[in-house]
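Order of listing sets the numbers, starting from 1, for every ligand and every atom in it. Only a predicted model underlies this, so the values are computations on that prediction, with no experimental measurement involved.
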Amino acid sequence: MNSSDTYLVTGGCGFIGSSFILLCRKNNKADIVNLDALTYAGNPLNLAELQNDSHYHFHKGDIGDKELVASLLEQYKPDAIVNFAAESHVDRSIFGPEDFMKTNIMGTFHLLQVSLDYWERHCKNNPGKRFRFLHVSTDEVYGSLGSDDPPFQETTPYSPNSPYSASKAASDHLVRAYVHTFGFPGAITNCSNNYGPRQFPEKLIPLMILNAREGKPLPVYGDGMNVRDWIFVNDHCEAILSVLDKGTPGETYNIGGNCEKPNIEIVRAITGVMDELFPDSPHVPHSSLIHFVKDRPGHDRRYAVDCSKITRELGWKPSMTFEQGLNHTVQWYMDNPQWVGSVRSGDYLKWLEKNYEKRS
Ligand code: NAD
Ligand code: DAU
């Protein structure tokens, strides 16, 4: 891919999509067309700094709206589509799975249909037009590991356990089927838990940072020993760029941070950073705010990703240490109270109440 390329990015107002777009525009990597439905998780403020960038175009809409997507493809003739758009929160998928099926499965299906038509008409028989469809997925499709199991590889059988991961697995299978049946140049990335600036504060790390600052309880599910493999969001975005540039169509690439940690260790690390930043806070030691609460139903015990394939074949590896990434993330939330205020709408507060009521 080169700097005169155009990418259609879906879900670009969310956490990872916005980091990806900012990275692309910072490096003048490509012109960006961002299609986002602006659900509760989509925040235009995430991309406010691009408002005067003539190489960035925003369209509000649903990936399942075939007419709209077809017209955007005709208008911009992108060189790649990067599909971030999804419902992404496991707890929400347990209380209300329908939107997950609509967007993650049917939305991806409609997006694929329209993209296939575009590729067949404009790219397939045009040697001058290199086209890629990159579907951004999750390590959760592989299910849960025991403590001694080896990390997930690209060949690990799918075994999704939550409505969220089942819907992502379904979308991955659709992409795979379009590659196999139509020769469509799709690729899939399966990444572990991201953290960093602009993550919606329903997810573990930003929720704990903001609660700790405000002296609210830090709700740890179950025994706190569930393990996740953490990656700084920019490392994930760099990996996506390397797949767009050098990846092979039809392939799947695992992406991870080589950073397995139990949840309680993450929460303790956050409280430690808060103690250092705010030694005069009445909540020191912030670890006293930790509360163990009722577990998430069906809670996957351990995720760990073997990302040796993308390192070996494309030369990517994570660069941010967890300590650096966490310090940077905490500082970002402290420095951006306006952003925090903007995402804490009435809906968000209702969600927190509903979720944590069931766990107390
Ligand atoms: P997010 O919830 O922060 O953002 C999702 C974005 O998609 C929002 O801007 C939302 O408005 C938009 N969206 C939702 N439904 C849409 C629709 N029907 N049409 C158009 N836009 C729609 O999610 P995220 O954490 O940034 O995750 C992005 C992608 O990466 C998802 O596909 C997710 O499954 C995947 N992923 C996330 C992680 C993680 O740790 N967050 C890890 C691996 C993979
Ligand atoms: O593994 C990749 C996935 O990581 C992505 O596909 C998802 O989109 C993303 O949301 C994330 O899923 P998790 O369920 O792992 O993330 P979450 O931040 O919700 O939870 C992380 C861990 O922390 C999990 O074991 C549950 C636990 N947890 C979470 C919250 C919100 C708590 O103990 N307390 C909490 O309040």
When you compare ligand 1 with [X], is there at least one nitrogen or oxygen pair between them that comes in under 3.5 angstrom?
{"X": "Asp36", "answer": "yes"}
{"X": "Gly14", "answer": "yes"}
{"X": "Asn83", "answer": "no"}
{"X": "Phe15", "answer": "yes"}
{"X": "Ile16", "answer": "yes"}
{"X": "Ala37", "answer": "yes"}

Option whose closest heavy atom lies nearest to atom 28 (N) of ligand 2, chosen from Phe200, Phe15, Tyr221, Tyr195: Tyr221

Counting heavy atoms only, which of Met208, Arg296, His89 is nearest atom 14 (O) of ligand 2? Arg296

Short list, please: which atoms of ligand 2 are under 4.0 Å from a heavy atom of His299? 24 (C), 25 (O), 26 (C)

What do we get for Lys102 next to ligand 1 when only non-hydrogen atoms under 4.0 Å count, side chain, backbone, both or neither? neither

Would you call the rings of Tyr118 and Phe131 parallel, tilted or perpendicular, where under 30° means parallel and over 60° means perpendicular? perpendicular

Would you call the rings of Phe200 and Tyr40 parallel, tilted or perpendicular, where under 30° means parallel and over 60° means perpendicular? perpendicular

Salt-bridge test for Arg301 and Asp149: reply yes if a basic N is under 4.0 Å from a carboxylate O, no otherwise. no

Check this for me, if you would: do Arg92 and Glu202 make a salt bridge, where the nitrogen-to-carboxylate-oxygen distance has to be below 4.0 angstrom? yes

When distances are taken from atom 40 (O) of ligand 1, the protein heavy atom at minimum range is Asn194 N, 2.9 Å

Looking only at protein heavy atoms, what sits closest to atom 44 (C) of ligand 1 is Ser137 O, 3.1 Å

Answer with side chain, backbone, both or neither: which part of Leu207 has a heavy atom less than 4.0 angstrom from an atom of ligand 2? side chain

Note: Lys203, heavy atoms under 4.0 Å from ligand 2, region reported as both

Take every heavy atom of Glu202, measure it against each atom of ligand 2, and state whether any distance is under 4.0 Å. yes

For ligand 1, which atoms sit closer than 4.0 Å to a heavy atom of Ala85? 7 (O), 20 (C), 21 (N), 22 (C)

Which atoms from ligand 1 have a heavy atom of Val136 less than 4.0 Å away? 30 (O), 32 (O)

